[in-house]
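Everything below concerns the one structure shown next.
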Number of protein chains: 2
Amino acid sequence: MLKQETIFPTDDTPSSVAHAATSPTNKVKSLASEKSSTTLADQILVQIQTSIIKGELPAGSKINEQALAEKYGISRGPTREALQTLERQRLVVRAPHVGARVAQLTVSELNDLYQLRSVLEGMACELAASRITPEQLAKLQDLLAVQETALANGDTYFQEEGDVDFHYQIIQASGNKHLQETLIGGLYHLLRMYRYQCTNKNRPVKAIAEHRRIVEAIAQRDGELASLLMRRHIEQGRKNTELRLIELQANAAAKETLANIS
Amino acid sequence: MLKQETIFPTDDTPSSVAHAATSPTNKVKSLASEKSSTTLADQILVQIQTSIIKGELPAGSKINEQALAEKYGISRGPTREALQTLERQRLVVRAPHVGARVAQLTVSELNDLYQLRSVLEGMACELAASRITPEQLAKLQDLLAVQETALANGDTYFQEEGDVDFHYQIIQASGNKHLQETLIGGLYHLLRMYRYQCTNKNRPVKAIAEHRRIVEAIAQRDGELASLLMRRHIEQGRKNTELRLIELQANAAAKETLANIS
DNA sequence: AAACGCCAAATTGTCGACAATTATCATTTT
DNA sequence: AAAATGATAATTGTCGACAATTTGGCGTTT
């Protein structure tokens, strides 16, 4: 009886969600042979997660426990537990006797989120620069190389996941357990939601160049520089996402008034 | 069937009713009888919380859902939900099909926790220095004054709660919602557990002097200084707690070996 | 028309029972 | 004796039903 090597028992590794996402509206349990069979709540958790991140459950919309449970062919118990976990991941907001809603995407929350993320990942860089192991560094450089060649080939498909992986590995290398839990267990899912729904295809080109410089700084054990570069890198991402979010909300507002007029 | 009166909702207002004078933020709602009935899970949550923080449920010990539920005269459903919330607060560690344990207090986790806290509260100070409102500042200064006079009178009772309130108010003044949630919803309960079980009576004298300087820096809108002072202040607290924790564990180890010999 | 109060419907909270999994311990095996 | 094995007990996961609370509509009132 031997358990997996991931550090976080609470969560899935982000790279695993890439292709598991294309199967909504079905009962899960069979087709096993997967190592899964953990618990029903955990299984539907990742499904609801991706539904929210992709916007299939629209931001701000009400979530009905019964309907969700029926959709996945299970009872309300596990559904409820999944919802509470989603609350911890900030993808859902719950109120007693009122129910759960998908988190709303607002500019001010985006700024709060990125401001916090910036500080935390800056910290992660500083720690990683002094504590990263040769193996971890090699893995990070490999990932970077893969992304760079993919970019050169115009392969934009796994860009998003690759970026998540990049930050993920640095966070892991920081070695601070509570920092890891805060970022990965608490902030990263909401972050992915913002980025998925406010994505900008042009950005990756520059982003990967920034990644390279960050990795170089870490390799040289220059934590201060790595932290600075990371904070700038994240600020770039924030600006980008903010612009897209603003126009997205402008569109929504326009559509709203149109509907009201008719 | 079941009734208890020491109930404040999920995690707002960390200080108890001890010195309500220092926290006039409460809406007037609390005076209208008890209107307590939010939800059973929330009610027992705070009870288990304090049991854990005080060590009545020893660090590292197993938690039996059934037994807990019976102890409070409720069913396993709400108990389970409370446990999941406690997991988010890092007071409990859960594993599928295995159950829940009270978090363990270790030196390395303590250091991780304080390292993270230091960064986050430094950030809070910087934000607070630029965004605190006159009312919030006045409240903060009032709190400080109360603590100072209490200290002058040798009144050491509410020291602990007062300190929590101090940090709490600064975090509130930062205005960053995600930062607040991370610190208060995620880290602060575990912090209180460490401090309660590794307390040092001598420290408050110096701590309050440090508080004063931090408040002054904030009042002068000097975020950089406030952040620096706060990080030093927290580092002092870490050292203190670490020493106590080490000797506490040494005692436990000694008792262990003694038991094994006999 | 807007606001208020009341009743019905929908939704969430709680419970007890059962199923699935893990932990315990006596027994056997090396 | 230590380790592996297998049956049994204890504990966690899941379900369906019921209770408590909120939501939405409807008629009345101002």
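Here is how names work: the chains are called A, B, and so on, in the same order as the sequence lines, proteins then strands, and each is numbered from 1. Values below: every heavy atom of this structure, side chains too, minus hydrogens, waters and symmetry copies.
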Please lay out, stage by stage, how B:Glu81 and A:Arg94 fare under the test salt bridge (Lys or Arg N to Asp or Glu O under 4.0 Å).
CA-CA 13 Å; B:Glu81 251 178 82; A:Arg94 288 191 336 155; 3.7 Å; yes
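- A:Arg90 places no side-chain N or O within donor-acceptor distance of the main-chain N or O of A:Tyr188, the cut-off being under 3.5 Å.
- At whole-Å resolution of the value, CZ in A:Arg76 and P in C:dT14 are 11 Å apart.
- Separating the CD1 atom of B:Ile63 from the C1' atom of D:dA10 is a distance of 17 Å, rounded to the nearest angstrom.
- Atom-to-atom, CZ of A:Arg94 to P of C:dT12 comes out at 10 Å; the value is rounded to the nearest Å.
- Look at CD on B:Gln66: it is 10 Å from C1' on C:dG16, rounded to the nearest Å.
- Of all nucleotides listed (C:dT22, C:dT14, C:dA17), C:dT14 comes nearest to the side chain of B:Pro78.
- Nearest to the side-chain atoms of A:Lys62 among the listed nucleotides C:dT11, C:dT21, C:dT14 stands C:dT11.
- Rounded to an integer number of Å, the gap from CD of B:Gln84 to P of D:dT12 is 15 Å.
- Ranking D:dT12, C:dT14, D:dC15 by closeness to the B:Leu40 side chain, first place goes to C:dT14.
- One finds no side-chain N or O of B:Thr39 lying less than 4.0 angstrom from the OP1 or OP2 phosphate oxygen of C:dT12.
- Taking for each of B:Val98 and A:Gly99 the nucleotide of DNA chain C with the nearest heavy atom, the 5'-most of the two is the partner of A:Gly99.
- When each of A:Ile74 and B:Asn64 is assigned the nucleotide of DNA chain D with its nearest heavy atom, B:Asn64 is the one assigned upstream, toward the 5' end.
- Checking side-chain atoms of A:Arg101 against main-chain N and O of A:Gly60 turns up a donor-acceptor pair under 3.5 Å.
- A:His167 NE2 to A:Ile171 CD1: the interatomic distance, rounded to the nearest 0.5 Å, is 8.0 Å.
- With distances taken from any side-chain atom of A:Glu65 to the nucleotides C:dT14, C:dC15, C:dT12, the minimum falls on C:dT12.
- Here the closest non-hydrogen pair linking B:Ser61 and B:Pro58 is OG-O, 2.6 Å.
- Here the C1' atom of nucleotide D:dT12 and the CD atom of B:Glu81 are 16 Å apart, to the nearest Å.
- Here D:dC15 presents its P atom at 15 Å from OH of A:Tyr72, a figure rounded to the nearest Å.
- Rounded to an integer number of Å, the gap from A:Leu83 CG to D:dT14 P is 14 Å.
- Minimum atom distance to the side chain of B:His97 is reached by C:dT21, of the listed C:dT21, D:dT12, C:dT14.
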